[in-house]
Amino acid sequence: MDVKAILIWVAIGIIAGWLASVIVGGGGLIRYLITGLIGAFVGGFLFKLVGINIDLGNAYVNEIVVAAIGAVVIVLLARLIA
């Protein structure tokens, strides 16, 4: 994995975390990043489990949407547990 791929991954995580915070609340750049990165794994797992394949015309947009949905799920589950 090269530096460019890592930076894209981090950017997707931050954007997805920010979108999740807009939907369910929260804030902070580090929180956006952590929530978005974990959400990417959860969203990818959930979408594959259910068999949903989204195609919004751009691979990065697809990844951001999946990661944001996963991040929302993570935040809501964390709030239920806490």
Side-chain angles (χ1 to χ4, degrees):
M1 186 180 283
D2 61 346
V3 174
K4 182 180 176 183
I6 292 171
L7 291 176
I8 291 171
W9 195 45
V10 168
I12 288 171
I14 290 171
I15 294 168
W18 175 77
L19 286 172
S21 74
V22 167
I23 295 169
V24 293
L29 186 62
I30 300 299
R31 185 177 291 172
Y32 294 159
L33 177 61
I34 293 169
T35 305
L37 292 177
I38 294 171
F41 288 109
V42 171
F45 174 76
L46 290 175
F47 273 64
K48 285 186 182 184
L49 183 70
V50 177
I52 297 173
N53 188 14
I54 61 171
D55 185 17
L56 300 173
N58 186 324
Y60 294 128
V61 173
N62 294 344
E63 291 177 20
I64 290 170
V65 169
V66 169
I69 291 170
V72 168
V73 169
I74 290 296
V75 170
L76 292 177
L77 285 175
R79 287 186 181 173
L80 283 174
I81 293 171

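Computed from a predicted model, the values in this text were never measured in an experiment.
- Hydrophobic clustering of Ile, Leu, Val, Met, Phe, Trp and Tyr side chains at less than 4.5 Å, counting indirect connections, keeps Trp18 apart from Ile30.
- Hydrophobic clustering (side-chain heavy atoms under 4.5 Å, transitive across Ile, Leu, Val, Met, Phe, Trp, Tyr) groups Leu37 together with Leu29.
- Counting only heavy atoms from C-beta outward, the side chains of Ile14 and Val10 approach each other to under 4.5 Å.
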Under 3.5 Å, which donor-acceptor pairs link side chains of residues 52-59 to any protein atom two or more places apart or in another chain?
residue, atom, partner, partner atom, Å
Asp55, OD1, Gly57, N, 3.3
Asn58, OD1, Tyr60, N, 2.9

What pairs of donor and acceptor atoms, side-chain ones from residues 68-80 against any protein atom, are under 3.5 angstrom apart with sequence neighbours left out?
residue, atom, partner, partner atom, Å
Arg79, NH1, Val24, O, 2.6
Arg79, NH2, Val24, O, 2.8

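- Phe45 and Val65 are members of different hydrophobic clusters when ILVMFWY side chains are connected at heavy-atom separations under 4.5 Å.
- Hydrophobic clustering places Leu19 together with Ile12 (ILVMFWY residues linked when any side-chain heavy atoms are closer than 4.5 Å, directly or through intermediates).
- The distance from atom OH of Tyr32 to atom CD1 of Ile15, rounded to the nearest 0.5 Å, is 12.5 Å.
- Rounding to the nearest 0.5 Å places CZ of Phe41 at 13.5 Å from CG of Leu46.
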